[in-house]
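Below, each value reflects all heavy atoms present in this structure, side chains not excepted, and no hydrogens, waters or symmetry copies. Along the sequence shown, the residues carry numbers beginning at 1.
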Amino acid sequence: MLTMLLDPTVEANLDLIRVSALHALAYCPRLFYLEEVEELYTQNAAVFAGRRLHVELENEEEGEWEDLFLESAELGLRGRVDALRTREGQFIPYEHKRGRAARDPQNQPVAWESDRLQILAYAYLVETALGIPILEGRIRYHADNVLVHVPLDEAGRAAVREAVQQARLLRQSPLRPPVTENERLCAGCSLAPVCLPEEARLAHDREWQLVRLFPEDDERQCVHILEPGTRVGRSGSRLKITHKDQTEEFIAAQQTGQLVLHSFSQISTQAIHFCAESDIGIHFISGGGRYVCSLDPRKGSIQRRIWQYRALSDPDLCLRLAQQLVTCRGQSQRKFLMRSGASCSRLPQVEQAIEQMKSVLKQVNKADSRESLLGLEGNLAALYFGALAHMFSDTVREEMRFVGRNRRPPKDRFNALLGFGYGLLLKDVMNAILIVGLEPALGFYHQPRSQAPPLALDLMEIFRVPLVDMPIMASVNRGQWDPEADFTIRGEQVWLSDEGRKKMISIYEKRKQEKWKHPVTGYSLTYRRLLELEVRLLEKEWTGEGGLFAQLVVR
């Protein structure tokens with residue numbers, strides 16, 4: 001048996017192709033491009049199961065399991081061979097797969113094409129890098145306990161060289177390959193939530209019977225640290241929260257999606273590093289509910305941000321996207337007024353606003369500039385909030401009502417709720433943008449101002465009504481708010497008290513867990529998943545698969 005382990009920390013030649021990348025290439029060129037060019041990776045249950053298999057094999061076959069890292073400039077390859085063993089005087093590389101083998105027409109076990117190319121590449125790499133003859137590679141499929149032999153002949157070597165050349169060409173291409181025609185491959189692909197293959201097919205064929213591959217929900221919790229002086233640190237694989245009274249609580253990293261620090265709570269450097277490594281978003285919000293900033297780990301390739309910059313430098317595209325955005329929000333506002341007024345006789349003021357908004361919405365697609373669009377949006381907002389002031393039930397106390405929209409500082413309790421809610425929404429939109437990997441500072445409608453990045457301001461327009469306006473109005477009409485205990489009055493300014501902030505966060509987070517059926521795709525997702533989906537659908541607008549963005553209108 002040959003025992004050879006090269007140091008994996010040695011910087012690899014970036015021009016070399018990973019053997020595992022050839023596996024992705026054979027499976028789907030688009031998958032290869034997403035991983036190798038755009039540097040997008042996800043981890044699903046199958047990925048974790050494969051890792052567990054390798055750990056188990058290493059533990060069970062101590063003394064038999066030998067892996068090695070090799071690279072060859074001649075082949076243009078580098079990779080980590082699962083195992084290299086000697087059988088009857090011959091060196092044989094082994095690959096281990098968790099699933100079942102493919103079957104030929106005679107029902108004999110054979111390697112899947114992507115697995116076959118991978119083991120051939122490993123065999124050829126071992127032969128070239130170590131200068132030893134390799135006659136075959138072997139693949140163990142553990143689900144059906146089958147060992148498949150793959151001979152390394154001239155045809156196999158040629159197939160590896162051809163794949164390396166194809167990989168190099170794809171690396172240099174500025175265009176993402178199209179979705180594979182074999183839709184069955186997409187169902188088991190770990191990058192389906194990033195690629196959105198079914199949505200891409202729907203964008204090209206509106207009659208396509210879409211199957212949802214995007215995860216229905218993200219069950220990781222959003223942890224809000226509200227009390228000033230609370231410290232967040234790291235303890236092993238958990239986040240440790242130390243309160244002012246020195247009591248401690250621990251939260252598992254795999255159960256945490258976001259960490260939101262309000263007011264003057266603190267976080268250690270170790271915890272920041274840990275959150276970045278664990279893909280936990282870190283966000284800061286002021287005591288008054290104003291969004292301050294987010295930690296941007298800047299993961300992934302700059303390639304996607306370059307595409308975004310090129311696309312959003314086109315004024316015609318920006319105007320079209322802005323029109324879709326204003327239409328989406330305006331229609332949702334109007335539908336909310338219609339929906340709310342249906343349960344109680346509509347007042348003339350509400351009916352008039354609904355009709356006027358309909359007229360304004362017809363002008364949106366005729367707007368020829370951002371400035372004219374801003375004017376139409378302003379008219380829609382004035383009509384909407386003017387009518388919303390008449391949508392309270394008769395039992396609502398006068399202190400909880402409002403005359404119209406005012407911004408910071410809020411001058412009444414209802415506007416205090418709206419401002420705090422919009423701050424939470426902006427934070428969640430930022431989180432989704434950073435997960436997807438776009439540039440928050442480069443939007444298509446809003447201009448830079450204060451701490452709010454333009455792209456986040458753009459995207460939050462889609463969710464203002466369903467995620468903030470609707471649950472706040474419902475909670476006020478249900479009498480959930482105590483005008484004295486839940487608010488703090490400072491001169492003409494009105495802010496949420498500590499209890500009020502906790503209550504608003506609870507209402508908002510509960511709303512995010514509810515599901516909304518997408519009007520175009522036809523499948524249902526929780527709001528917290530829809531936030532990420534909408535960012536990904538926006539990116540498709542400049543990758544040739546557009547047409548699904550900003551279609552989320554309240555029914």
Crowding at CD, Glu181 (>12 non-hydrogen neighbours, <6.0 Å): no
Gln480, CD atom: more than 12 neighbouring heavy atoms under 6.0 Å: yes
Main-chain N/O of Val554 paired to Gln331 side chain as donor or acceptor, under 3.5 Å: no
Residue pair Tyr527 / Asp428, side-chain donor-acceptor N/O under 3.5 Å: no
Main-chain N/O of Thr521 paired to His518 side chain as donor or acceptor, under 3.5 Å: yes
Ring-face cation of Arg413 near Phe487 (centre distance under 6.0 Å, axis angle within 45°): yes
Backbone of Arg407 reached by a side-chain donor or acceptor of Asn415 within 3.5 Å: no
Exceeds 12 heavy-atom contacts within 6.0 angstrom, atom CH2 of Trp112: no
Arg408 atom CZ: more than 12 heavy-atom contacts under 6.0 Å: yes
Ion pair check, Glu545 and Arg201, cut-off under 4.0 Å: no
Lys515 bridged to Glu216 by N-O distance under 4.0 Å: yes
Sole candidate of Asp115, Leu117, Leu31 that passes side chain to side chain contact (heavy atoms under 4.5 Å, CB included) when paired with His23: Asp115
Side-chain (Arg329) to main-chain (Leu380) donor-acceptor, under 3.5 angstrom: no
Arg18 with Glu36: basic N within carboxylate O range, under 4.0 Å: yes
Backbone N/O of Gly229 and side chain of Gln266: donor-acceptor pair under 3.5 Å: no
Value rounded to 0.5 Å, distance of CD1 in Ile282 from CD1 in Ile225: 11.0 Å
Distance-minimising heavy-atom pair for Thr256 and Gln258: CG2-O, 3.6 Å
Polar side-chain atom of Arg212 near backbone of Phe214 as donor-acceptor pair, under 3.5 Å: yes
Between Trp516 and Ser524, a side-chain donor and acceptor under 3.5 Å: no
Polar side-chain atom of Asp458 near backbone of His446 as donor-acceptor pair, under 3.5 Å: yes
Side chain to side chain contact (heavy atoms under 4.5 Å, CB included) partner of Leu496, the single match among Ile505, Leu417, Thr488: Leu417
Whether over 12 other heavy atoms sit under 6.0 Å from Arg184 CZ: no
Short N-O contact, Glu499 and Lys503, less than 4.0 angstrom: no
Ion pair check, Glu539 and Arg304, cut-off under 4.0 Å: yes
Polar side chain donor-acceptor pair, Tyr445 to Glu377, under 3.5 angstrom: yes
Pairing of Arg320 and Glu541 as salt bridge, 4.0 angstrom limit: yes
Salt bridge flag under 4.0 Å for residues Glu38 and Arg176: yes
Whether Ser497 side chain and Asp486 backbone form a donor-acceptor pair below 3.5 Å: yes
Gln118 and Lys97 side chains, donor-acceptor separation under 3.5 Å: yes
Phe414/Phe392 aromatic ring centres below 6.0 Å: yes
Nearest heavy atoms of Pro519 and Val553, plus distance in Å: CG-N, 4.5 Å
Mutual orientation of the aromatic rings belonging to His96 and His142 [parallel < 30°, tilted 30-60°, perpendicular > 60°]: tilted
Phe250 CZ: over 12 foreign heavy atoms closer than 6.0 Å: yes
Plane angle bin for His262 and Phe420 - parallel if under 30°, tilted between 30 and 60°, otherwise perpendicular: parallel
Exercise: do Thr247 and Asp245 side chains pair donor with acceptor under 3.5 Å: yes
